[in-house]
Protein chains: 2
Amino acid sequence: MSNRRDAVHAVLRQSEGFRSAQDVYAEMRAEGAKIGLTTVYRALQALADTGHVDVLRTDDGESVYRACASGDHHHHLVCRTCGRTVEVAGPAVERWAEAIGSEHGFTEITHTLEIFGTCAACSTAAKPARTPSRA
Amino acid sequence: MSNRRDAVHAVLRQSEGFRSAQDVYAEMRAEGAKIGLTTVYRALQALADTGHVDVLRTDDGESVYRACASGDHHHHLVCRTCGRTVEVAGPAVERWAEAIGSEHGFTEITHTLEIFGTCAACSTAAKPARTPSRA
DNA sequence: GGTGACTTTGACAACCATTTTCATTTGCGC
DNA sequence: GCGCAAATGAAAATGGTTGTCAAAGTCACC
């Protein structure tokens with residue numbers, strides 16, 4: 001029955017970068033899957049709770065999910081143009097955060113860290129001419 | 001005329017931690033200020049654009065604002081219980097992010113980093129008994 | 001002092017992702 | 001086959017944020 005959950009997970013596994021709930025839903029419907037938006041949200045949350053996928057918020061407040069290779073704590077280097085994502089680990093940062101926290105008397109330190117940039121491919125593609133589509 | 005904007009800014013200055021737009025609006029109304037929600041949002045955005053206040057998204061997608069001491073790039077150590085905020089600088093992290101980015105061929109690196117924890121006062125107040133409210 | 005152009009304001013409606021509700025369906029044990 | 005409990009999904013509710021638009025305020029200029 002939690003077949004739906006697996007289906008949702010599968011969609012994420014097939015994706016390169018982060019996908020929004022609406023996005024996943026749309027794709028599944030497009031593929032002919034009979035599933036409700038509600039279920040997608042529930043599946044995504046369940047997956048996130050069990051640590052099977054990573055969640056993060058986009059700048060416009062949308063939640064995006066991604067099936068990550070490792071279940072360990074890690075961060076993401078995301079291309080702001082194509083969405084390609086690289087998982088990175090930063091032991092030094094973890095320690096730094098801990099240290100900063102303790103230094104100020106804080107306990108149970110957690111942190112959120114995401115790195116954004118333009119990947120090689122996109123930065124090449126973006127400035128061939130000298131009309132950088134300046135918005 | 002941009003008196004409203006100053007008023008909004010003032011509210012933030014009087015606050016210790018991050019405040020949501022709705023929150024600021026409610027407080028201003030409570031103080032008797034005649035201001036509309038729309039205006040509060042606009043003021044907040046304007047302030048954020050000009051770098052007078054820092055913005056970040058809470059886990060539930062709400063935008064929260066804070067008038068920060070320095071206009072420089074810095075991060076926040078936020079108490080998840082009382083909201084008290086400490087501004088921290090982490091040159092090492094900035095460099096690390098840059099390095100990781102270049103290493104993967106990314107350019108125009110930016111990053112978001114927030115540290116959450118329980119401050120000394122709150123952690124003391126929270127565990128008087130031995131019922132750690134383990135969710 | 002008056003007038004008109006332009007900007008700011010704010011009430012209200014529109015948006016939209018997410019959540020809740022609730023009736024129906026499905027799986028499973030008995 | 002029956003009934004219960006969990007899962008599902010359609011639709012409505014929620015709630016923060018943004019857009020619309022007319023009214024009010026400012027200011028320059030006559």
Side-chain angles (χ1 to χ4, degrees), chain A residues 1-12 15 17-67 78 80 83 112 114 135, chain B residues 1-12 15 17-67 78 80 83 112 114 135:
Chain A
M1 174 78 70
S2 45
N3 191 26
R4 315 281 155 209
R5 208 173 72 173
D6 291 339
V8 169
H9 197 178
V11 171
L12 288 181
S15 309
F18 282 87
R19 308 290 301 270
S20 72
Q22 305 279 344
D23 199 15
V24 170
Y25 171 66
E27 179 168 327
M28 294 184 77
R29 295 298 290 227
E31 286 175 355
K34 288 289 203 321
I35 191 171
L37 225 201
T38 312
T39 307
V40 172
Y41 273 103
R42 274 193 290 241
L44 250 14
Q45 282 172 339
L47 251 10
D49 282 348
T50 56
H52 287 100
V53 303
D54 269 10
V55 200
L56 76 83
R57 293 265 179 178
T58 60
D59 281 344
D60 49 301
E62 211 177 354
S63 293
V64 289
Y65 305 81
R66 173 162 199 250
V78 188
R80 69 167 67 82
T112 63
E114 302 303 334
Chain B
M1 169 83 68
S2 45
N3 192 25
R4 316 281 153 208
R5 209 173 72 172
D6 291 339
V8 169
H9 197 179
V11 171
L12 288 181
S15 309
F18 282 86
R19 309 289 302 268
S20 71
Q22 305 279 344
D23 199 15
V24 170
Y25 171 66
E27 178 167 328
M28 293 184 77
R29 295 298 290 226
E31 285 175 356
K34 288 288 202 323
I35 191 171
L37 223 201
T38 312
T39 307
V40 172
Y41 273 103
R42 274 194 290 241
L44 250 14
Q45 283 172 339
L47 252 9
D49 281 349
T50 55
H52 287 101
V53 303
D54 269 10
V55 200
L56 77 83
R57 293 264 180 179
T58 61
D59 280 345
D60 48 300
E62 211 176 353
S63 293
V64 288
Y65 305 80
R66 173 161 199 249
V78 187
R80 67 167 68 82
T112 63
E114 301 303 334

Heavy-atom check, side chain of A:V40 versus side chain of A:R4, under 4.5 Å: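 No, their side chains stay 4.5 Å or more apart.
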
Heavy-atom side-chain contact between A:T39 and A:R5 under 4.5 Å: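 Counting from C-beta outward, A:T39 and A:R5 never come under 4.5 Å.
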
Base-contact (B) and sugar-phosphate-only (S) positions in nucleotides 14-20 of chain D, heavy-atom cut-off under 4.0 Å, - elsewhere: --SBBB-

Taking distance alone, no hydrogens or angles, what donor-acceptor pairs closer than 3.5 Å link side-chain atoms of residues 52-62 of chain B to residues at least two apart or in another chain?
| residue | atom | partner | partner atom | Å |
| --- | --- | --- | --- | --- |
| B:H52 | ND1 | B:T50 | OG1 | 2.5 |
| B:D54 | OD2 | B:H74 | NE2 | 3.2 |
| B:R57 | NE | A:D59 | O | 3.1 |
| B:R57 | NH1 | B:G61 | O | 3.0 |
| B:R57 | NH2 | A:D59 | O | 2.9 |
| B:T58 | OG1 | B:D60 | N | 3.4 |
| B:T58 | OG1 | B:D60 | OD1 | 3.1 |
| B:T58 | OG1 | B:E62 | N | 3.1 |
| B:T58 | OG1 | B:E62 | O | 3.4 |
| B:E62 | OE2 | B:S20 | OG | 3.4 |

May I have the distance from [X] (atom [atom1]) to [N] (atom [atom2]), rounded to whole angstrom?
X     : N      : atom1 : atom2 : answer
A:D60 : C:dA17 : CG    : C1'   : 10 Å
B:M28 : C:dG10 : CE    : C1'   : 13 Å
A:D23 : C:dT18 : CG    : P     : 11 Å
A:D6  : D:dA7  : CG    : C1'   : 14 Å
A:K34 : D:dG9  : NZ    : C1'   : 13 Å
B:R4  : D:dG25 : CZ    : C1'   : 10 Å

Residue list, ring-ring contact (aromatic ring centres under 6.0 Å, His included) with B:F18, at least two apart or on another chain: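 ring-ring contact (aromatic ring centres under 6.0 Å, His included) check on B:F18 returns B:H76.
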
Partners meeting side-chain hydrogen bond (donor to acceptor under 3.5 Å, both in side chains) with A:R42 (sequence neighbours left out): none

Name every donor-acceptor pair, under 3.5 Å, that has one atom in a side chain of residues 25-34 of chain B and the other anywhere in the protein, sequence neighbours excluded.
| residue | atom | partner | partner atom | Å |
| --- | --- | --- | --- | --- |
| B:E27 | OE1 | B:R19 | NH1 | 3.1 |
| B:E27 | OE1 | B:R19 | NH2 | 2.6 |
| B:R29 | NH1 | B:I35 | O | 2.6 |

